[in-house]
Amino acid sequence: GEDVEVHSVKSPGGGGALLEVVVAGGKGRGVRDLAEELDLAPGAIGAIGDDMNDARGLEAAGHRYAVGGSVLAERRSAAVEVARAEDAAVADALARFRVTLGLG
């Protein structure tokens, strides 16, 4: 029942587009709602972020990844720092998450 906002933004590096989906009530609420919908425990959820607006989403996830060199990486010691955005941060976070879950 919450309103959902979808933002499409050009990538800062010009290499593509980013898509961000935000549930009214914030990213943390969105992660918790999705986990409940899928019947997942926080330990089965990974989240990646690069700015403080992502902090609540990371707090709701059991596995937290901060883009290397970002504000979030500097301020959130509880997040594992992954590669920089231009060095495939999402792929790095996914690889680490798979290892953490025992999937290789």
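All values below were derived from every heavy atom in this structure, side-chain atoms included, with hydrogens, water molecules and symmetry-related copies excluded. As the structure is a prediction and not an experimental result, all values here were calculated from the model.
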**Request:** Establish whether L103 and V90 are linked, either directly or via other cluster members, by ILVMFWY side-chain heavy-atom contacts under 4.5 Å.
**Result:** yes

**Request:** Could you note down all residue pairs passing ring pair (Phe, Tyr, Trp, His ring centres under 6.0 Å) where residues 47-71 supplies at least one of them, sequence neighbours left out?
**Result:** H63-F97

**Request:** Find out if a path of hydrophobic residues (ILVMFWY) with successive side-chain heavy-atom gaps under 4.5 Å connects V67 to V71.
**Result:** no

For residues 35-50, which side-chain N or O atoms pair as donor and acceptor with protein atoms under 3.5 Å away, sequence neighbours left out?
none

**Fill in**
Nearest heavy-atom contact between A83 and A89 is O-CB, 3.1 Å

**Message:** Test: salt bridge (charged side-chain N to carboxylate O under 4.0 Å, His left out). Region: residues 86-104. Which pairs qualify, not counting sequence neighbours?
**Reply:** R84-E86, D92-R96

**Request:** Could you grab the distance from atom CG of L72 to atom CE of M52, nearest 0.5 Å is fine?
**Result:** 6.0 Å

**Fill in**
Shortest non-hydrogen pair, E81 vs A73, comes out as CD-CB, 3.8 Å

**Prompt:** So, the side chain of R56 versus the backbone of N53: is there a donor-acceptor pair under 3.5 Å, distance only?
**Reply:** no

